[in-house]
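Note sheet for the following structure.
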Protein chains: 2
Amino acid sequence: MANIREIARKAGVSVTTVSRVLNNHPYVSPAKREAVLKTIKELDYSPNINAVHLSRGKTNMVGVVLPTINHPYFSELLEGLAKEAIKHNIQLVLFQTGYQQEKEFEALEQLRGHLIDGVIFTSRAIPFNLLLKYKDDGPIVLCEDSDQDEFPSISIKHEDAFNLGLEYLISMGHDRIAICLGRLEGANSQKRQKTYHQKMEIIGHLVHDEWVIGDCLVIQDGKRVMDRYLKMEEKPTAFLVGNDQVSAGMITEATKYGLAVPGDVAVLSFDNHPISEIMAITTIDIPTNQLGSYAFRAFIKRSENSKYAEKITLPFKLIKRKSV
Amino acid sequence: MANIREIARKAGVSVTTVSRVLNNHPYVSPAKREAVLKTIKELDYSPNINAVHLSRGKTNMVGVVLPTINHPYFSELLEGLAKEAIKHNIQLVLFQTGYQQEKEFEALEQLRGHLIDGVIFTSRAIPFNLLLKYKDDGPIVLCEDSDQDEFPSISIKHEDAFNLGLEYLISMGHDRIAICLGRLEGANSQKRQKTYHQKMEIIGHLVHDEWVIGDCLVIQDGKRVMDRYLKMEEKPTAFLVGNDQVSAGMITEATKYGLAVPGDVAVLSFDNHPISEIMAITTIDIPTNQLGSYAFRAFIKRSENSKYAEKITLPFKLIKRKSV
DNA sequence: TTGTATGCGTTATCAT
DNA sequence: ATGATAACGCATACAA
């Protein structure tokens, strides 16, 4: 309840001196510094940070937009962000969107309201032109393989990574390949589907509509995929899967039905998260953690230079295990 | 960049009127309201929330202390919290501690600094007497089976739940039972160990030191546990495991070595999270999500009544599947 | 219904 | 080295 003025009065100094002590400024005599510190302790004082923020004009907090934290991809990414944020003494404020645009706008509005100094999108649902309106409100960073030059962005080249997966499956003798993606309408999924169709055309293979499966995000979705597979008239011999969680669910379910992996059906996924190692899933390693670190550094650069808009792409690599 | 004063000037009204429009107060003529709204739109104005907070004396944000979000237990709990927080139009600010006390103090310091209106501990590492010092700085809620009356708390009765697990294993013919816990020094773990030793004594069975395994939190820890099991001279016939993740890792690893579950070794865990269903793990359901909801409601009650300190315990139940 | 003036708790400027 | 005072942007008691 105590404030800086009260401290000043009791310590027999001015508020300026108290503020100087609080912020470790030079030019405060040891005697007065001592007196101030003593009073602060006595009154159990601590500064009202809202006032500090208002006065300073910034908060040292940045928003992180993500669909859910209840998924290894995003929690890994977040750890990368957090690791870097700590170095810069900056707090992360999370915005769990569940892919709801409304929630993303909430983050952007907090940016406008000076509650946070910037926003990092680990995933985005709002259209680009609406995002653009917030360009001047503070640093914004995108974790996406994007086709724009307004904001800095960090990602892997999704088309290339998807191609790598397809080519590996083909090299292992598969030509009847199905794919499992997240939200089919998302930018990344669109790119992946395009890549898929192109590649299938090259090897001269028609694509069955039911071989493109959406909404594959968590382990339970893998079960759903296998159930669907069992009912297919035209069965693929391999699946290229958007993330390890779904693969894990698929393989577990397949095993239940006595299907051999990769004998009856091969599975290749993305991420190289712990579960893929445990279950010996062949996967394409995505440096998810690093993605986060780089994203945060991009935020810092953008803070220092409001024109900074570099597109950074990180490497990925195939991890051969036992599911293909 | 624009502020309320500028809006007032351009709209030809007082700052008070602008503030009234902003906060939907009555007693503003439609004409002036219109003028203000128009100017706000023109200047692309939005309020500086720090100033609002400073002026109002509160922020509508509460801190959530948790070891990591990269774990189903905590992300589930968090979802329960978030669901409720949304209803009250309150932002959650996460403090990932990694069980570092320092991080928990950070949350408490933000409470003191009026940056957040309260703190919810989903897990706690700092000693109680230090926590107590923050009692008057704002509402604090504990998610723990605690023995205190200063703060409201939400939890299940860990002793009872652990007993239920032990009794079920015993009823299935096991008497050589090992346990896997999280941080052995934590309050919950202590209670569970005590329960374990008591029960083992009742059935007249000595406990081997190596049958109490700590640091079991994630799926990889399950692998470690099984590796250790294989080297034991005195092998248990069953494991009571602190959470489903660890069970999943154990079972996967056991299967690799040709061990039958539950034939060679039975596994019973806690949580009833998705992976336990997928892998048919027998588990004790913890209403993790509800735990979060209740915790948030306790925060609200404590905000309204600074004496409120109810201890709420939620029910748990055994889910019989195929790992015991 | 509207406006003036003051307060919220700090930092920063500018003297001295 | 120190302090008086003006911002920071908003809410609100009070007056009109």
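Below, all heavy atoms of this structure are taken into account, side chains as well, without hydrogens, waters or symmetry copies. These numbers were taken from a predicted model, which means no experiment stands behind them. Naming: A, B, ... by sequence-line order, numbering from 1 per chain.
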Inset, instruction - Nearest whole angstrom, please: distance from the P of C:dG3 to the CZ of B:R5. - result: 16 Å
Legend entry - Set of residues satisfying side chain to side chain donor-acceptor pair (under 3.5 Å) with respect to A:K157, sequence neighbours excluded: none
Legend entry - For B:R297, all residues meeting side chain to side chain contact (heavy atoms under 4.5 Å, CB included), sequence neighbours excluded: B:E84, B:S293, B:Y294
Inset, instruction - Could you tell me the separation between the CZ atom of B:R112 and the P atom of C:dG9, rounded to a whole number of Å? - result: 14 Å
Legend entry - All side chain to side chain donor-acceptor pair (under 3.5 Å) counterparts of B:Q100, not counting sequence neighbours: none
Legend entry - Spacing of B:Y27 atom OH relative to D:dC14 atom C1', expressed in whole Å: 16 Å
Legend entry - Counterpart residues, salt bridge (charged side-chain N to carboxylate O under 4.0 Å, His left out), relative to B:K32 (two or more places apart): none
Inset, instruction - Can you sort out the partners of A:E34 under side chain to side chain donor-acceptor pair (under 3.5 Å), two or more places apart, ordered by chain and number? - result: none
Legend entry - Listed once per pair and sorted, the ring-ring contact (aromatic ring centres under 6.0 Å, His included) pairs that draw on residues 72-95 of chain A, sequence neighbours left out: A:H88-A:F296
Inset, instruction - Find the distance A:R9:CZ to D:dT2:P and express it as a whole number of Å. - result: 20 Å
Inset, instruction - Strictly below 4.0 Å, heavy-atom distances to any atom of DNA chain D: list the hits from residues 48-59 of chain B, or just say none. - result: B:N48, B:A51, B:V52, B:S55
Inset, instruction - Send over the distance from B:L115 CG to C:dT10 C1', rounded to a whole Å. - result: 13 Å
Legend entry - Full working for salt bridge (charged side-chain N to carboxylate O under 4.0 Å, His left out) between B:E42 and B:K38: CA-CA 6 Å; B:E42 273 175 22; B:K38 179 161 165 270; 3.5 Å; yes
Inset, instruction - Find the bend of the helix from C:dT1-D:dA16 to C:dT16-D:dA1 as the angle between its two terminal axes (five pairs each), to the nearest 10°. - result: 40°
Legend entry - Partners meeting side chain to side chain contact (heavy atoms under 4.5 Å, CB included) with B:L217 (sequence neighbours left out): B:Y99, B:D221
Legend entry - A:S19 vs C:dT11: side-chain N/O to OP1/OP2 distance below 4.0 Å: yes
Tabulate protein N/O versus nucleotide N/O from nucleotides 3-6 of chain D, keeping only pairs under 3.5 Å, one per line.
unit_1 : atom_1 : unit_2 : atom_2 : d
D:dG3  : OP1    : A:K32  : NZ     : 3.2
D:dG3  : OP2    : A:S14  : N      : 3.2
D:dG3  : OP2    : A:S14  : OG     : 3.3
D:dG3  : OP2    : A:T17  : OG1    : 2.7
D:dG3  : N7     : A:R20  : NH1    : 3.4
D:dG3  : O6     : A:R20  : NH2    : 2.8
D:dA4  : N7     : A:T16  : OG1    : 3.4
D:dA4  : N6     : A:T16  : OG1    : 2.7

Legend entry - For atom NE2 of B:H114 and atom P of C:dG7, their distance in whole Å: 19 Å
Legend entry - Earlier contact from the 5' end, DNA chain D, for B:I4 and A:V28: A:V28
Inset, instruction - Would you please name every residue forming a side chain to side chain contact (heavy atoms under 4.5 Å, CB included) with A:Q101, sequence neighbours left out? - result: A:F105, A:A125, A:I126, A:P127
Inset, instruction - State which residue, out of A:V65, A:L131, A:L130, fulfils the side-chain contact (heavy atoms from CB on, under 4.5 Å) condition with A:L108. - result: A:L131
Legend entry - For A:R20, all residues meeting side chain to side chain contact (heavy atoms under 4.5 Å, CB included), sequence neighbours excluded: A:T16, A:T17, A:H25, A:V28
Inset, instruction - In whole angstrom, give the distance that lies between atom CG of A:L22 and atom C1' of C:dT11. - result: 11 Å
Inset, instruction - Check the distance between C:dT1's P and B:E34's CD and give it to me in whole angstrom. - result: 16 Å
